[in-house]
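Following: one structure in structure tokens, then a few remarks.
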Amino acid sequence: MLTKTGSKKTLGGMTVLLAAALTLSACGDSKSSGDSKELTKVSQVTNWFAEPEHGGQYAALDKNFYKDAGLDMTIQSGGPGISSTQIVAGGKAEFGMGQADEILLARQNGIPLVAIAATFQKNPQGIMFHKGQFKDIKELNGNKIFVGSGVVFWEYLKKAYNLDKVTEMKYTGSLANFVADPKAATQIYITSEPFSMQQEGVDVDYFLNYDLGYKQYGNVLYTTEDFLKKHPDTVKAYVEASIKGWDYYKDHSEEINKVMQEKNPDLKLEAMAYGAKAQEPLVYGGDAETHGVGYMSKDIWSGLQAQLVEMGLLKDAEPIEDVFTNEYLPGTGK
């Protein structure tokens with residue numbers, strides 16, 4: 001049973017980011033004729049195949065929110081071996097989607113990305129275990145965990161909770177070995193794998209990494225410093241249309257899930273419905289309740305940056321204002 005977890009929940013090629021420090025060329029100013037006006041041709045690349053975690057993006061496309069904002073939008077799906085970071089860095093797409101720590105690490109490696117909205121206020125990455133097996137993360141000591149090599153959140157958890165007696169097993173994307181070992185744990189997205197286990201009759205529970213102290217935004221929308229500087233109006237249009245899509249998806253997930261299933265027929269509608277429901281508090285809760293979907297706080301970004309510096313994964317703490325901006329969110333007036 002192969003799940004989406006394998007590539008998406010790791011840093012998805014961060015180890016080769018140095019090789020991806022390509023010329024940052026913007027490719028999105030070409031025009032195509034719309035029904036009543038010329039549209040700016042742009043594209044975005046997600047971090048996996050179409051799924052509820054991308055619901056707002058596909059809603060914006062299907063409901064013509066991008067078109068209404070003057071954009072001729074193409075959505076490229078991510079997948080195994082596909083790095084949105086490299087694609088955006090190389091000018092093959094204007095906008096990308098990834099985790100907050102990916103953006104900080106990319107910048108250190110010479111790829112000046114800028115976060116322009118955070119889909120998830122709380123990242124849905126977590127640690128799943130058989131129900132009743134653990135009450136505290138520290139109880140993982142003496143047991144196995146299936147986790148990807150070099151996964152940043154796991155490096156943090158090991159250090160923060162002294163998890164020095166955990167046997168690390170290679171994560172392959174399959175949950176079969178986890179199911180066979182009632183004392184094992186595995187990395188997951190809480191919006192998907194628990195449903196897979198439910199379908200198989202396996203009772204599970206999980207820790208959300210965010211609640212364990214690794215507080216980072218999830219499915220962050222980003223572009224390059226160069227594109228942001230040269231095309232602020234296009235960025236503004238993209239962000240506003242995307243947020244409008246997420247506002248629409250909240251109450252119309254069933255409709256948009258059918259649209260996404262056309263792009264990803266292997267993901268069943270039942271699984272999509274579960275994911276849409278599970279992610280609601282992560283997308284629309286927290287700061288999004290008062291500031292709207294996509295909002296990012298300086299405290300969260302600074303805290304994550306400090307953790308990466310402490311772990312030795314970042315050499316320096318650059319001015320955090322260079323890393324993210326809320327200025328293109330709806331209602332900011334930029």
Side-chain angles (χ1 to χ4, degrees), residues 1-10 12-13 27-28 32 34 39-69 71-88 92-99 117 119-120 124 173 188-193 195-196 199 218-223 237-239 241-280 282-283 293-294:
M1 173 178 56
L2 185 64
T3 71
K4 61 179 181 170
T5 333
S7 294
K8 189 168 75 174
K9 294 177 180 61
T10 66
C27 64
S32 62
L39 303 177
T40 300
K41 192 173 182 64
V42 293
S43 63
Q44 59 180 309
V45 56
T46 63
N47 56 351
W48 200 250
F49 305 113
E51 57 186 354
E53 289 90 332
H54 312 143
Q57 312 308 117
Y58 282 93
L61 184 66
D62 185 68
K63 307 310 292 186
N64 290 324
F65 297 154
Y66 289 128
K67 184 177 180 180
D68 293 343
L71 304 178
D72 178 8
M73 175 60 70
T74 299
I75 298 180
Q76 305 176 40
S77 293
I82 296 176
S83 169
S84 61
T85 301
Q86 295 180 28
I87 291 171
V88 174
K92 303 298 184 182
E94 288 72 30
F95 305 102
M97 174 185 285
Q99 313 310 334
T119 300
F120 283 81
I188 61 159
Y189 255 34
I190 70 169
T191 50
S192 57
E193 282 75 10
F195 177 79
S196 298
Q199 294 297 99
N219 285 18
V220 177
L221 306 182
Y222 62 80
T223 188
Y238 167 70
V239 173
S242 296
I243 300 307
K244 188 175 181 180
W246 278 104
D247 289 339
Y248 185 88
Y249 185 72
K250 183 178 181 180
D251 297 319
H252 303 87
S253 59
E254 184 176 351
E255 172 193 352
I256 303 304
N257 286 347
K258 293 177 181 178
V259 173
M260 291 190 291
Q261 196 190 39
E262 294 178 4
K263 306 291 184 182
N264 184 12
D266 290 337
L267 188 59
K268 304 305 180 185
L269 288 175
E270 294 83 0
M272 287 189 176
Y274 178 94
K277 185 68 176 179
Q279 73 186 25
E280 275 191 18
L282 308 183
V283 174
V293 175

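Note that the numbering runs from 1 along the sequence shown for the chain.
Here Asp68 contributes atom CG and Lys244 contributes atom NZ; the two are 6.0 Å apart, rounded to the nearest 0.5 Å. Of the inter-residue distances, the one linking Phe49 atom CZ with Asn264 atom CG reads 7.0 Å to the nearest 0.5 angstrom. A distance of 6.5 Å separates NZ of Lys268 from CD of Gln261, quoted to the nearest 0.5 Å. To the nearest 0.5 Å, the span separating CD1 on Ile82 from CH2 on Trp48 amounts to 8.5 Å. Atoms CD1 and OH, on Ile75 and Tyr58 in that order, are 5.0 Å from each other to the nearest 0.5 Å. The CD1 atom of Ile243 sits 6.5 Å away from the CG atom of Leu221 when rounded to the nearest 0.5 Å.
Residues Thr119 and Val283 approach most closely at O-CG1, 3.4 Å, considering heavy atoms. The minimum heavy-atom distance between Ile190 and Ala278, with the atom names listed, is O-CB, 4.3 Å. Closest heavy-atom contact between Pro124 and Leu282: CB-CD1, 3.8 Å. Residues Ala241 and Ala69 come closest through the heavy atom pair CB-CB, 4.2 Å. Looking at every heavy atom in both residues, Leu71 comes nearest to Ala237 through CD1-C, 4.0 Å. Residues Gly55 and Ile256 come closest through the heavy atom pair O-CG2, 3.7 Å.
The side-chain hydrogen bond (donor to acceptor under 3.5 Å, both in side chains) test applied to Glu255 returns Lys63, Tyr248, not counting sequence neighbours.
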TODO: Determine, stepwise, if the pair Ser84 / Phe95 fulfils side chain to side chain contact (heavy atoms under 4.5 Å, CB included).
DONE: CA-CA 9 Å; Ser84 61; Phe95 305 102; over 6 Å; no
TODO: Kindly determine whether Tyr222 and Thr85 satisfy side chain to side chain contact (heavy atoms under 4.5 Å, CB included), including the steps that lead there.
DONE: CA-CA 9 Å; Tyr222 62 80; Thr85 301; 3.5 Å; yes
Open item on the list: With side chain to side chain contact (heavy atoms under 4.5 Å, CB included) as the criterion, how do Met260 and Glu51 come out once you've worked through the C-alpha distance, each side chain's angles and the decisive distance to 0.1 Å?
Closed with: CA-CA 6 Å; Met260 291 190 291; Glu51 57 186 354; 5.6 Å; no
Open item on the list: Set out, in order, the CA-CA distance, both residues' side-chain angles and the distance that settles side chain to side chain contact (heavy atoms under 4.5 Å, CB included) for Val293 and Asp247, then state yes or no.
Closed with: CA-CA 8 Å; Val293 175; Asp247 289 339; 3.7 Å; yes
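Side-chain atoms of Thr40 and Asp72, non-hydrogen and from C-beta on, never get closer than 4.5 Å to each other. In this structure the side chain of Met73 reaches within 4.5 angstrom of the side chain of Val42, judged on heavy atoms.
Ring geometry, Phe195 versus Tyr274: the interplanar angle falls from 30° to 60°, so the pair is classed tilted.
Just one of His54, Gln76, Gln57, Glu94 meets the side chain to side chain donor-acceptor pair (under 3.5 Å) condition when paired with Gln44; it is Gln57. Results of the side chain to side chain donor-acceptor pair (under 3.5 Å) test with Thr191 over Glu280, Gln279, Glu53 single out Glu53 as the only residue that passes.
There is no side-chain donor-acceptor pair under 3.5 Å between Asp62 and Tyr249.
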